[in-house]
4 protein chains.
Amino acid sequence: MKIDPEGLQAPYLQLADALRARIKSGEFQPGRKVPSQTELEDMTGLSRNTVKKALDVLKVEGLLITAPGRGLFVAERPKT
Amino acid sequence: MKIDPEGLQAPYLQLADALRARIKSGEFQPGRKVPSQTELEDMTGLSRNTVKKALDVLKVEGLLITAPGRGLFVAERPKT
Amino acid sequence: MKIDPEGLQAPYLQLADALRARIKSGEFQPGRKVPSQTELEDMTGLSRNTVKKALDVLKVEGLLITAPGRGLFVAERPKT
Amino acid sequence: MKIDPEGLQAPYLQLADALRARIKSGEFQPGRKVPSQTELEDMTGLSRNTVKKALDVLKVEGLLITAPGRGLFVAERPKT
DNA sequence: GTGGTCTAGACCACT
DNA sequence: GTGGTCTAGACCACC
């Protein structure tokens with residue numbers, strides 16, 4: 001989950017790509033498993049809003065679901 | 001990065017040459033590193049459009065890549 | 001908004017009664033206005049969960065609406 | 001384009017709704033017409049990021065297209 | 001603890 | 001001027 005703040009791609013896109021890959025590879029199974037936003041902040045060194053922007057991408061793609069007070073979930077039937 | 005407004009070559013070409021030399025010398029590595037357009041303006045005393053013209057030359061040459069809102073990047077595999 | 005921990009009624013019911021009275025009296029208008037959960041904690045000295053129980057009562061009654069991340073609202077058309 | 005910062009709905013959703021309505025009503029025709037982000041900030045009193053969040057919603061819906069340095073456009077064939 | 005929302009400000013390239 | 005990105009901090013309800 002290496003993010004390069006100086007890289008060509010925007011950090012939030014790098015994060016989205018990394019998470020998408022982990023989900024599609026099956027590393028993150030439907031159910032919980034996904035690190036929380038706070039954990040992702042710590043893991044990547046990104047700010048809250050940037051992490052959320054990455055998650056927004058995956059939510060739109062139907063891969064992730066967020067639940068206030070509960071955490072992040074991998075969608076049951078991700079659109080491949 | 002001295003630019004001579006009265007020189008033989010047009011200022012934007014002088015700038016392009018100077019930047020190309022720095023890239024090929026390895027001073028600017030693939031990844032980030034390249035000064036922003038604004039910085040180049042300050043460094044050279046040239047106008048926005050002149051700086052842009054210099055960058056356009058290098059973009060056409062495949063040496064530079066630009067990412068809106070992110071900055072200027074040296075291409076990963078510069079076409080020598 | 002005095003709450004008596006030793007009173008006849010459970011504290012959360014006392015809070016619910018106090019808030020209901022304020023809403024019906026028009027002190028809290030439809031729209032925003034209602035103090036946040038955190039503010040209610042400070043005002044009453046009650047715990048988070050106790051405050052929540054009081055609010056749950058009013059939500060069930062249709063007097064209050066809650067919006068995650070936004071706050072507490074008096075319902076537009078309270079069921080009298 | 002009245003936005004109530006204290007309203008039940010999140011301001012960015014209020015803005016998205018207002019713009020969506022204007023687009024679907026034909027007030028904003030395909031082409032330019034849409035107020036810039038800066039104008040929307042002034043019109044609504046919202047912050048930059050909140051305006052952008054509203055626009056993100058409409059971009060995902062396929063109603064709006066953004067072009068760096070050019071402005072906001074109503075999509076040619078909005079999905080109804 | 002979790003995620004949701006908003007603000008203020010900064011820097012970037014693009015036209 | 002335009003939109004795009006990132007940071008830092010604040011407050012909120014939810015579990």
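Quick caveat, the model's predicted, so the values are computed rather than measured. Per chain, numbering begins at 1; letters A, B, ... match sequence-line order.
Residues of residues 34-54 of chain A that place a heavy atom closer than 4.0 Å to DNA chain E, in numerical order, are A:Ser36, A:Gln37, A:Thr38, A:Arg48, A:Asn49, A:Lys52. Contacts between residues 13-21 of chain D and DNA chain E, defined by a heavy-atom separation under 4.0 Å, are absent.
Annotation: salt bridge (charged side-chain N to carboxylate O under 4.0 Å, His left out) contacts of C:Arg20 (sequence neighbours excluded): C:Asp17, C:Glu61. C:Arg22 is linked by a salt bridge (charged side-chain N to carboxylate O under 4.0 Å, His left out) to C:Glu27, counting only residues two or more places apart in sequence or in another chain. A:Lys59 meets the salt bridge (charged side-chain N to carboxylate O under 4.0 Å, His left out) test with A:Asp56; sequence neighbours excluded.
Sorted by first and then second residue, the salt bridge (charged side-chain N to carboxylate O under 4.0 Å, His left out) pairs with a member in residues 64-74 of chain A form an empty list; sequence neighbours excluded. The stretch residues 1-12 of chain A participates, sequence neighbours left out, in these side chain to side chain donor-acceptor pair (under 3.5 Å) pairs: A:Glu6-B:Arg32.
Look at CG on D:Leu8: it is 18 Å from P on E:dG4, rounded to the nearest Å. Put simply, CZ on C:Phe73 is 11 Å from C1' on F:dA13, counting in whole angstrom units.
Stem list for DNA chain F (at least 3 consecutive Watson-Crick or G-U pairs, distances under 3.5 Å): E:1-14 with F:1-14.
Mapped onto DNA chain F by nearest heavy atom, D:Gly69 and A:Pro68 fall at different nucleotides, with D:Gly69 at the one closer to the 5' end. Comparing D:Tyr12 and A:Arg70 by the nucleotide of DNA chain E whose heavy atom lies nearest to each, the residue mapping closer to the 5' end is A:Arg70.
Annotation for C:Leu8: hydrophobic cluster partners, listed by chain and number, are none (ILVMFWY side-chain heavy atoms under 4.5 Å, direct or chained).
Contact annotation: the side chain of A:Leu15 approaches that of A:Met1 to within less than 4.5 Å [non-hydrogen atoms, C-beta and beyond].
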From CA spacing to verdict: side chain to side chain contact (heavy atoms under 4.5 Å, CB included), D:Leu40, D:Leu55: CA-CA 10 Å; D:Leu40 290 173; D:Leu55 297 178; 4.1 Å; yes
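Using a 4.0 Å heavy-atom distance criterion, A:Leu72 is classed as a sugar-phosphate-only contact.
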I'd like a table of donor-acceptor pairs (distance under 3.5 Å, sequence neighbours excluded) in which one partner is a side-chain atom from residues 45-52 of chain A, with atom names and distances.
{"unit_1": "A:Ser47", "atom_1": "OG", "unit_2": "A:Thr50", "atom_2": "N", "d": "3.4"}
{"unit_1": "A:Ser47", "atom_1": "OG", "unit_2": "A:Thr50", "atom_2": "OG1", "d": "3.2"}

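A distance of 7.0 Å separates CD in C:Glu76 from CD1 in C:Ile65, rounded to the nearest 0.5 Å.
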